[in-house]
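In what follows, a structure is listed as C-alpha coordinates, so that the remarks can point back to it.
Just so you know, these numbers use all the heavy atoms, side chains as well, and skip hydrogens, waters and symmetry mates.
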Amino acid sequence: MAKLGKRTRAAREAFVGKEDLTVEEAVALIKANATAKFDETIEIAMNLGVDPRHADQMVRGVVGLPNGTGKSVRVAVFARGPKADEAQAAGADIVGAEDLMEAVQGGKIDFDRCIATPDMMPIVGRLGKVLGPRNLMPNPKVGTVTMDIKEAVEAAKGGQVQFKAEKGGVVHAGIGKLSFDEAKLVENVRAFVGAVSKAKPTGSKGAYMKKIALSSTMGPGVTVEVDNAITE
(Lines give C-alpha, C1' and ligand atoms only; values in the text may rest on other atoms or scores of the structure.)
Protein backbone atom coordinates (compact mmCIF):
# COMPACT_ATOMS: atom_id res chain seq x y z
CA MET A 1 0.00 0.00 0.00
CA ALA A 2 1.37 3.39 -0.99
CA LYS A 3 2.48 5.59 1.87
CA LEU A 4 0.38 8.70 2.34
CA GLY A 5 2.11 12.08 2.15
CA LYS A 6 2.20 14.43 5.12
CA ARG A 7 -0.35 16.83 3.62
CA THR A 8 -2.75 13.99 2.73
CA ARG A 9 -2.51 12.50 6.22
CA ALA A 10 -3.14 15.90 7.81
CA ALA A 11 -6.17 16.52 5.60
CA ARG A 12 -7.68 13.13 6.42
CA GLU A 13 -7.06 13.57 10.14
CA ALA A 14 -8.94 16.88 10.05
CA PHE A 15 -12.02 15.02 8.80
CA VAL A 16 -11.94 12.18 11.37
CA GLY A 17 -15.13 12.12 13.40
CA LYS A 18 -16.76 14.80 11.26
CA GLU A 19 -20.03 13.71 9.68
CA ASP A 20 -23.58 14.94 9.11
CA LEU A 21 -22.43 18.55 9.25
CA THR A 22 -24.39 21.59 8.16
CA VAL A 23 -23.65 22.76 4.63
CA GLU A 24 -21.82 25.78 6.06
CA GLU A 25 -19.63 23.61 8.32
CA ALA A 26 -18.81 21.17 5.53
CA VAL A 27 -17.82 23.90 3.08
CA ALA A 28 -15.66 25.63 5.70
CA LEU A 29 -13.93 22.34 6.58
CA ILE A 30 -13.17 21.52 2.95
CA LYS A 31 -11.84 24.98 2.17
CA ALA A 32 -9.65 25.04 5.28
CA ASN A 33 -7.99 21.71 4.50
CA ALA A 34 -7.53 21.78 0.72
CA THR A 35 -3.85 21.57 -0.21
CA ALA A 36 -3.72 21.09 -3.99
CA LYS A 37 -1.77 23.63 -6.02
CA PHE A 38 -4.68 24.27 -8.37
CA ASP A 39 -8.19 25.62 -7.95
CA GLU A 40 -10.01 22.42 -7.02
CA THR A 41 -13.64 21.76 -7.90
CA ILE A 42 -16.09 21.33 -5.04
CA GLU A 43 -18.05 18.18 -5.78
CA ILE A 44 -21.31 16.81 -4.47
CA ALA A 45 -22.39 13.17 -4.42
CA MET A 46 -25.93 12.19 -3.48
CA ASN A 47 -27.07 8.64 -2.76
CA LEU A 48 -30.76 8.39 -3.66
CA GLY A 49 -33.30 5.72 -2.83
CA VAL A 50 -34.03 4.94 -6.48
CA ASP A 51 -33.17 2.25 -9.00
CA PRO A 52 -32.53 4.07 -12.31
CA ARG A 53 -32.95 0.81 -14.22
CA HIS A 54 -36.70 1.40 -13.83
CA ALA A 55 -38.14 4.20 -15.96
CA ASP A 56 -40.39 5.48 -13.16
CA GLN A 57 -37.38 5.83 -10.84
CA MET A 58 -35.03 7.72 -13.15
CA VAL A 59 -33.82 11.03 -11.77
CA ARG A 60 -32.58 13.64 -14.21
CA GLY A 61 -32.82 17.36 -14.62
CA VAL A 62 -30.98 20.63 -14.91
CA VAL A 63 -30.27 23.49 -12.53
CA GLY A 64 -28.80 26.93 -13.02
CA LEU A 65 -26.37 27.43 -10.15
CA PRO A 66 -26.76 30.99 -8.79
CA ASN A 67 -22.99 31.55 -8.73
CA GLY A 68 -21.97 29.43 -11.72
CA THR A 69 -19.55 26.51 -11.70
CA GLY A 70 -16.32 28.42 -12.29
CA LYS A 71 -15.68 26.06 -15.20
CA SER A 72 -15.33 27.05 -18.83
CA VAL A 73 -17.94 25.00 -20.73
CA ARG A 74 -17.46 24.13 -24.40
CA VAL A 75 -20.81 23.95 -26.19
CA ALA A 76 -21.58 22.15 -29.44
CA VAL A 77 -24.78 22.89 -31.36
CA PHE A 78 -26.42 20.87 -34.11
CA ALA A 79 -28.27 23.40 -36.25
CA ARG A 80 -28.62 24.78 -39.77
CA GLY A 81 -29.25 28.15 -41.35
CA PRO A 82 -30.48 30.99 -39.10
CA LYS A 83 -30.36 28.75 -36.02
CA ALA A 84 -26.69 27.97 -36.69
CA ASP A 85 -26.05 31.71 -36.94
CA GLU A 86 -27.96 32.21 -33.67
CA ALA A 87 -25.79 29.58 -31.97
CA GLN A 88 -22.57 31.23 -33.11
CA ALA A 89 -23.78 34.66 -32.03
CA ALA A 90 -24.68 33.26 -28.59
CA GLY A 91 -21.15 31.96 -28.12
CA ALA A 92 -21.33 28.28 -29.11
CA ASP A 93 -17.86 26.79 -29.60
CA ILE A 94 -18.82 24.30 -32.32
CA VAL A 95 -21.75 24.52 -34.73
CA GLY A 96 -22.57 22.05 -37.48
CA ALA A 97 -24.83 19.40 -38.93
CA GLU A 98 -23.67 16.34 -40.88
CA ASP A 99 -20.08 17.53 -40.62
CA LEU A 100 -20.34 17.65 -36.82
CA MET A 101 -21.97 14.22 -36.78
CA GLU A 102 -19.07 12.78 -38.78
CA ALA A 103 -16.53 14.40 -36.46
CA VAL A 104 -18.22 12.86 -33.40
CA GLN A 105 -18.46 9.46 -35.11
CA GLY A 106 -14.73 9.75 -35.76
CA GLY A 107 -14.09 10.15 -32.04
CA LYS A 108 -13.67 13.92 -31.90
CA ILE A 109 -15.72 15.02 -28.89
CA ASP A 110 -14.13 18.25 -27.67
CA PHE A 111 -17.23 19.71 -25.98
CA ASP A 112 -18.97 19.50 -22.59
CA ARG A 113 -22.57 20.19 -23.62
CA CYS A 114 -24.47 19.30 -26.76
CA ILE A 115 -27.55 21.19 -27.94
CA ALA A 116 -29.73 20.55 -31.00
CA THR A 117 -32.76 21.97 -32.77
CA PRO A 118 -35.62 19.43 -33.07
CA ASP A 119 -35.17 19.03 -36.82
CA MET A 120 -31.59 17.84 -36.27
CA MET A 121 -32.52 14.91 -34.03
CA PRO A 122 -32.61 12.34 -36.85
CA ILE A 123 -28.92 13.10 -37.35
CA VAL A 124 -28.09 13.36 -33.66
CA GLY A 125 -29.99 10.14 -32.97
CA ARG A 126 -27.30 8.20 -34.84
CA LEU A 127 -24.82 9.28 -32.16
CA GLY A 128 -26.74 7.79 -29.23
CA LYS A 129 -24.16 5.08 -28.52
CA VAL A 130 -21.38 7.69 -28.51
CA LEU A 131 -23.01 10.61 -26.70
CA GLY A 132 -25.34 8.66 -24.41
CA PRO A 133 -22.70 7.06 -22.15
CA ARG A 134 -21.04 10.49 -21.76
CA ASN A 135 -24.36 12.09 -20.74
CA LEU A 136 -24.06 14.41 -23.75
CA MET A 137 -27.12 13.31 -25.71
CA PRO A 138 -29.48 16.27 -26.30
CA ASN A 139 -32.78 15.81 -24.48
CA PRO A 140 -35.88 18.03 -24.45
CA LYS A 141 -36.41 17.27 -20.74
CA VAL A 142 -33.27 19.22 -19.83
CA GLY A 143 -33.67 21.91 -22.48
CA THR A 144 -30.97 20.76 -24.88
CA VAL A 145 -33.40 19.98 -27.70
CA THR A 146 -34.94 23.36 -28.38
CA MET A 147 -35.64 26.08 -30.90
CA ASP A 148 -34.46 28.70 -28.42
CA ILE A 149 -30.80 28.11 -29.18
CA LYS A 150 -29.66 31.47 -27.80
CA GLU A 151 -31.12 30.80 -24.34
CA ALA A 152 -29.80 27.22 -24.26
CA VAL A 153 -26.24 28.22 -25.19
CA GLU A 154 -26.19 31.12 -22.74
CA ALA A 155 -27.54 28.90 -19.94
CA ALA A 156 -24.90 26.25 -20.60
CA LYS A 157 -22.16 28.87 -20.61
CA GLY A 158 -23.55 30.58 -17.52
CA GLY A 159 -23.28 27.75 -15.00
CA GLN A 160 -26.17 25.45 -15.76
CA VAL A 161 -25.57 21.90 -14.50
CA GLN A 162 -27.27 18.75 -15.73
CA PHE A 163 -27.71 15.79 -13.42
CA LYS A 164 -28.70 12.17 -13.93
CA ALA A 165 -28.88 9.23 -11.56
CA GLU A 166 -26.11 6.75 -12.32
CA LYS A 167 -25.97 3.06 -11.50
CA GLY A 168 -26.79 2.56 -7.84
CA GLY A 169 -28.86 5.75 -7.67
CA VAL A 170 -25.93 8.15 -7.29
CA VAL A 171 -26.05 11.73 -8.58
CA HIS A 172 -22.69 13.48 -8.87
CA ALA A 173 -21.74 16.99 -10.00
CA GLY A 174 -19.27 19.83 -9.63
CA ILE A 175 -20.92 22.81 -7.93
CA GLY A 176 -18.18 25.45 -7.83
CA LYS A 177 -14.50 26.13 -7.29
CA LEU A 178 -12.48 26.18 -4.07
CA SER A 179 -11.70 29.86 -4.69
CA PHE A 180 -15.40 30.75 -4.40
CA ASP A 181 -16.53 32.49 -1.21
CA GLU A 182 -18.04 30.10 1.32
CA ALA A 183 -21.45 31.78 1.05
CA LYS A 184 -21.51 31.30 -2.73
CA LEU A 185 -20.61 27.62 -2.43
CA VAL A 186 -23.30 27.11 0.21
CA GLU A 187 -25.84 28.78 -2.07
CA ASN A 188 -24.81 26.56 -4.99
CA VAL A 189 -25.03 23.40 -2.87
CA ARG A 190 -28.54 24.22 -1.70
CA ALA A 191 -29.67 25.12 -5.23
CA PHE A 192 -28.39 21.79 -6.55
CA VAL A 193 -29.92 19.74 -3.72
CA GLY A 194 -33.19 21.61 -4.16
CA ALA A 195 -33.30 20.74 -7.87
CA VAL A 196 -32.63 17.06 -7.19
CA SER A 197 -35.30 17.11 -4.47
CA LYS A 198 -37.88 18.52 -6.90
CA ALA A 199 -36.92 15.86 -9.47
CA LYS A 200 -38.13 13.04 -7.19
CA PRO A 201 -39.67 10.41 -9.49
CA THR A 202 -43.11 8.91 -9.01
CA GLY A 203 -41.66 5.43 -8.50
CA SER A 204 -39.46 6.41 -5.55
CA LYS A 205 -40.46 4.58 -2.37
CA GLY A 206 -39.18 5.16 1.15
CA ALA A 207 -36.34 7.59 1.84
CA TYR A 208 -35.49 9.51 -1.34
CA MET A 209 -32.32 11.30 -0.22
CA LYS A 210 -30.22 8.83 1.75
CA LYS A 211 -26.84 10.53 1.91
CA ILE A 212 -25.14 13.73 0.73
CA ALA A 213 -21.38 14.18 0.69
CA LEU A 214 -19.14 17.08 -0.30
CA SER A 215 -15.46 17.00 -1.22
CA SER A 216 -12.81 18.85 -3.18
CA THR A 217 -11.13 17.26 -6.20
CA MET A 218 -8.13 15.99 -4.23
CA GLY A 219 -9.56 16.01 -0.70
CA PRO A 220 -11.52 13.68 1.56
CA GLY A 221 -15.30 13.75 1.61
CA VAL A 222 -17.61 14.77 4.43
CA THR A 223 -21.28 13.95 4.84
CA VAL A 224 -23.87 16.68 5.15
CA GLU A 225 -27.10 16.49 7.13
CA VAL A 226 -29.78 15.92 4.50
CA ASP A 227 -32.47 18.07 6.12
CA ASN A 228 -30.02 20.95 6.49
CA ALA A 229 -29.15 20.86 2.79
CA ILE A 230 -32.75 21.05 1.61
CA THR A 231 -34.40 24.45 1.34
CA GLU A 232 -38.04 24.64 0.40
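Checked for salt-bridge contact, Lys205 and Asp51 miss the test: no charged N lies under 4.0 Å from a carboxylate O. The existence of a salt bridge linking Arg126 and Glu102 is excluded, since no basic side-chain nitrogen approaches an acidic carboxylate oxygen closer than 4.0 Å.
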Q. Can you check side chain to side chain contact (heavy atoms under 4.5 Å, CB included) on Lys83 and Asp119, steps first, answer last?
A. CA-CA 11 Å; Lys83 287 298 174 182; Asp119 61 295; over 6 Å; no

Q: Apply side chain to side chain contact (heavy atoms under 4.5 Å, CB included) to Arg113 and Gln160, showing your working.
A: CA-CA 10 Å; Arg113 184 71 60 87; Gln160 189 184 67; 3.0 Å; yes

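Judged by distance alone, the side chain of Glu86 and the main-chain N or O of Lys150 form a donor-acceptor pair under 3.5 Å. Proximity of a side-chain donor or acceptor of Asn188 to a complementary backbone N or O of Leu65 within less than 3.5 Å is not detected. Looking only at distances, no side-chain donor or acceptor of Glu166 sits under 3.5 Å from a matching main-chain atom of His172. Of the possible polar contacts, none joining the Ser215 side chain to the Pro220 backbone as a donor-acceptor pair under 3.5 Å is found. Between the side chain of Thr144 and the main chain of Asn139, a donor-acceptor pair closer than 3.5 Å is present. Arg74 places a side-chain N or O within 3.5 Å of a backbone atom of Asp110 that can act as its donor or acceptor partner. Side chain of Thr41 to backbone of Thr217: no donor-acceptor contact under 3.5 angstrom is found. With hydrogens and angles ignored, the 3.5 Å screen pairs a side-chain donor or acceptor of Asp39 with a backbone N or O of Ser179.
For Gln88, the side-chain hydrogen bond (donor to acceptor under 3.5 Å, both in side chains) criterion is met by no residue, not counting sequence neighbours.
Residue Val153 is not grouped with residue Val161 when hydrophobic side chains (ILVMFWY) are merged at heavy-atom distances under 4.5 angstrom, including chains of intermediate members. Following chains of ILVMFWY side-chain contacts shorter than 4.5 Å, one can reach Phe163 starting from Tyr208, so the two form part of one hydrophobic cluster. Residues Val170 and Met209 are members of separate hydrophobic clusters, defined by side-chain heavy-atom contacts under 4.5 angstrom among Ile, Leu, Val, Met, Phe, Trp and Tyr. Under a hydrophobic clustering in which Ile, Leu, Val, Met, Phe, Trp and Tyr are joined whenever their side-chain heavy atoms come within less than 4.5 Å, directly or via other members, Ile230 and Val171 fall into the same cluster. Note on Val23: it clusters hydrophobically with Val193, by side-chain heavy-atom contacts below 4.5 Å among ILVMFWY residues.
Remark: the Asn228 side chain and the Thr22 side chain contain no N/O donor-acceptor pair separated by less than 3.5 Å. In the model, Asp148 has no side-chain atom that pairs as donor or acceptor with a side-chain atom of Thr146 under 3.5 Å.
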Distance-only donor-acceptor hits, side chain of residues 127-137, under 3.5 Å, sequence neighbours excluded:
| unit_1 | atom_1 | unit_2 | atom_2 | d |
| --- | --- | --- | --- | --- |
| Arg134 | NH1 | Val130 | O | 2.8 |

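Environment of NZ in Lys211: sparse, with no more than 12 heavy atoms of neighbouring residues, nucleotides or ligands closer than 6.0 Å. The neighbour count for Met218 CE, taken as heavy atoms of other residues, nucleotides or ligands under 6.0 Å away, does not exceed 12.
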